[in-house]
Student: 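One structure follows; several queries about it will come next.
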Amino acid sequence: MKNLLFIAIAAVVALTSCNSSPKLSGAGATFPAPYYNLVFKKFTEVSGNNVTYGAVGSGGGIRSLKDKTVDFGATDVFLSDAELKEMGSDVVHIPTALGAVVVSYNLPDVKGLKLNASLISDMYRGVITNWNDEKIKALNPDLNLPDQAITPVYRSDGSGTTSVFSEYMSKVDSVWNKELGTGKSLKFPKGVAAKGNPGVAGVVKETVGSIGYIGSEYALALSIPTALLQNSSGNFVEANDKSISASAETDIPDDTRLIITNSNNPQAYPISTFTWIIVYKEQDYNKRTEEQAKSLVSLLKFIISKDGQDLAVKTHYAPLSAKAVEKTQAIINSITFNGQALANN
């Protein structure tokens, strides 16, 4: 009987040990969620370390990391110097891929719509209210634009997508800059609010006459048409791997905090952006274990590896350039536990 009891206890201990691999949790941007869902699943398969991710918006991800309720946050807009000071200790930015904010629309039988920042501004500010407006027709003389009311759709939550979109709009349209400005949340004068990129994409998909700004992957997933946007060279450009990557062909600072909207590259899609994972540089905090910290570093290294970047391409994001990978690897190498670098452990 004692032997049976000993065997049973040993089995429980063994089972517990098998399930004791470090678990990681993150929260933040909905923009890269399709990529993250895939790359985190693959990392779990190859490492045995489970990763969970809550796509709650960039603002929520930053707050969660600040509250130390997650191992990492995710954001489409880098933290300002002031925001970094509010985090309590050093936070580093890990670029994971590049993506685009596209302007999607629901106009049956209308393909190849061209838009510029001025028209988008007028639509969202309620100046242009119908799709057959003369200003839109002037830019699209070959399209049969309907007599259909325009319904702008925007984010209801604190959003990196909104921040990237509004930063671009403020940069190139002075009226937008004055009346709406830039930020993770804006006060739009008209339209329909929806939560997350999936929410905006869903409303656009179901609402004839609507227009919305969303991550390019969501438009592709739901087969929603997207407008060709006029870039700084005057070219009307589609968002794809090549045009998004073209936006990042520039010098990258060591901390990778870089805005790449409105690139001067003639082939660049104008609303392109890095998306980042943010973590504390010193991982010995809040009763975290060294195993958790090592697992986090392994995850970050996997994301920027060839296998990880190939998954970005499969989910319609643009991979990091060799220069960006080099900068990012140096940042990962700087992450410590009790002052000791983790990357080579």
Side-chain angles (χ1 to χ4, degrees), residues 99-155 161-162 164-166 168-176 179-180 188-192 194 197 199-244 246-247 261-263 265-272 316:
V101 178
V102 298
V103 178
S104 58
Y105 62 94
N106 185 333
L107 293 175
D109 303 321
V110 174
K111 297 180 180 179
L113 178 71
K114 296 178 180 178
L115 292 177
N116 57 29
S118 177
L119 289 178
I120 296 169
S121 175
D122 283 351
M123 291 179 189
Y124 270 95
R125 293 183 299 105
V127 177
I128 293 178
T129 59
N130 199 291
W131 280 104
N132 66 356
D133 187 279
E134 291 301 322
K135 290 183 179 180
I136 306 177
K137 290 167 66 176
L139 209 60
N140 298 274
D142 298 328
L143 296 184
N144 184 22
L145 295 167
D147 181 9
Q148 171 73 52
I150 297 171
T151 302
V153 187
Y154 57 89
R155 290 284 288 272
T161 305
T162 299
V164 172
F165 176 65
S166 62
Y168 165 74
M169 291 297 298
S170 292
K171 184 185 292 182
V172 299
D173 186 80
S174 60
V175 182
W176 177 291
E179 295 188 12
L180 293 176
F188 290 96
K190 62 169 294 183
V192 176
N197 274 294
V200 174
V203 172
V204 173
K205 177 74 172 178
E206 299 299 324
T207 308
V208 175
S210 60
I211 183 172
Y213 59 91
I214 55 176
S216 55
E217 163 59 21
Y218 293 88
L220 288 167
L222 292 177
S223 299
I224 306 173
T226 62
L228 303 174
L229 296 192
Q230 190 172 36
N231 65 15
S232 63
S233 299
N235 299 323
F236 289 91
V237 183
E238 177 187 8
N240 56 40
D241 289 354
K242 291 183 179 179
S243 63
I244 296 168
S247 297
T261 58
N262 202 39
S263 167
N265 188 317
Q267 278 73 51
Y269 180 76
I271 319 181
S272 301
H316 305 291

Student: For S247, is there any backbone N or O sitting under 3.5 Å from a side-chain donor or acceptor partner on N265?
Tutor: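 Pair absent, no side-chain N/O of N265 close to backbone of S247.
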Student: State, to 0.1 Å, how close N262 and K171 come at their nearest heavy-atom pair, and which atoms those are.
Tutor: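 Shortest heavy-atom separation between N262 and K171 comes out as CB-CD, 3.8 Å.
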Student: Ignoring hydrogens and geometry, is there a side-chain-to-backbone donor-acceptor pair from S210 to V204 under 3.5 Å?
Tutor: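 Looks like yes, one N/O pair under 3.5 Å.
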Student: Would you say S104's side chain and G212's backbone share a donor-acceptor pair under 3.5 angstrom?
Tutor: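 Yes; judged by distance alone, with no hydrogens or angles, the pair exists.
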Student: Are Y213 and I271 close enough that some pair of their side-chain heavy atoms sits under 4.5 Å apart?
Tutor: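 Y213 does not reach I271 side chain to side chain.
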Student: Does any non-hydrogen side-chain atom of L143 lie less than 4.5 Å from one of K111?
Tutor: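 No, too far: nothing below the 4.5 Å cut-off.
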Student: When you compare the side chain of Y168 with that of I120, does any pair of heavy atoms fall below 4.5 Å?
Tutor: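 Result no, sub-4.5 Å side-chain heavy-atom pair not found.
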Student: For Y269 versus V101, what's the shortest heavy-atom pair and its separation?
Tutor: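 It is OH-O, 2.9 Å.
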Student: Before you tell me yes or no, could you show the steps for R155 and N197 under side chain to side chain contact (heavy atoms under 4.5 Å, CB included), namely the whole-Å CA-CA distance, both residues' side-chain angles and the distance that decides it to 0.1 Å?
Tutor: CA-CA 8 Å; R155 290 284 288 272; N197 274 294; 3.4 Å; yes
Student: Under the rule for ring-ring contact (aromatic ring centres under 6.0 Å, His included), what residues qualify as partners of Y154, not counting sequence neighbours?
Tutor: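 Y154 satisfies ring-ring contact (aromatic ring centres under 6.0 Å, His included) with F188 only.
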Student: Please answer whether the main-chain N or O of I214 pairs with a side-chain N or O of T161 as donor and acceptor at a distance below 3.5 Å.
Tutor: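 Looks like no, no N/O pair under 3.5 Å.
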Student: Looking only at atom types and distance, does a side-chain atom of N235 sit under 3.5 Å from a main-chain N or O of N231, one as donor and one as acceptor?
Tutor: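 No; judged by distance alone, with no hydrogens or angles, the pair does not exist.
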Student: Any sub-3.5 Å donor-acceptor pair from Y105's side-chain atoms to V208's backbone N or O?
Tutor: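 No, because the side chain of Y105 does not come within donor-acceptor range (under 3.5 Å) of the backbone of V208.
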Student: Looking only at non-hydrogen atoms, find the nearest pair between L139 and K114 and report the distance.
Tutor: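 It is CD2-O, 3.6 Å.
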Student: Taking all non-hydrogen atoms of both residues into account, name the closest pair between L107 and P146 and its distance.
Tutor: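 Smallest interatomic distance, heavy atoms only, reads CD2-CG, 3.9 Å.
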Student: Apply the test side chain to side chain contact (heavy atoms under 4.5 Å, CB included) to residues N144 and D109: give CA-CA distance (whole Å), side-chain angles for both, the deciding distance (0.1 Å), then the verdict.
Tutor: CA-CA 9 Å; N144 184 22; D109 303 321; over 6 Å; no
Student: Please answer whether the main-chain N or O of S263 pairs with a side-chain N or O of S232 as donor and acceptor at a distance below 3.5 Å.
Tutor: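 Yes, S232 side chain to S263 backbone: donor-acceptor pair under 3.5 Å.
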Student: Would you say D122's side chain and I128's backbone share a donor-acceptor pair under 3.5 angstrom?
Tutor: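 No: the side chain of D122 does not pair with the backbone of I128.
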Student: Pick one: which of V103, N130, L115, T129 meets side-chain contact (heavy atoms from CB on, under 4.5 Å) with M123?
Tutor: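 Of the listed options, the one satisfying the test is L115.
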Student: Are any of the side-chain heavy atoms of S243 and D241 separated by less than 4.5 Å?
Tutor: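 When only atoms from C-beta onward are counted, D241 and S243 do not touch, as no gap falls below 4.5 Å.
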Student: Identify the two heavy atoms, one from M169 and one from S121, that lie closest to each other, and give their separation to 0.1 Å.
Tutor: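 Closest heavy-atom pair between M169 and S121: CE-N, 3.6 Å.
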Student: Under the criterion side-chain contact (heavy atoms from CB on, under 4.5 Å), which of N116, V172, V237, L119 is the partner of Q230?
Tutor: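 Going through the options one by one, the only one that passes is N116.
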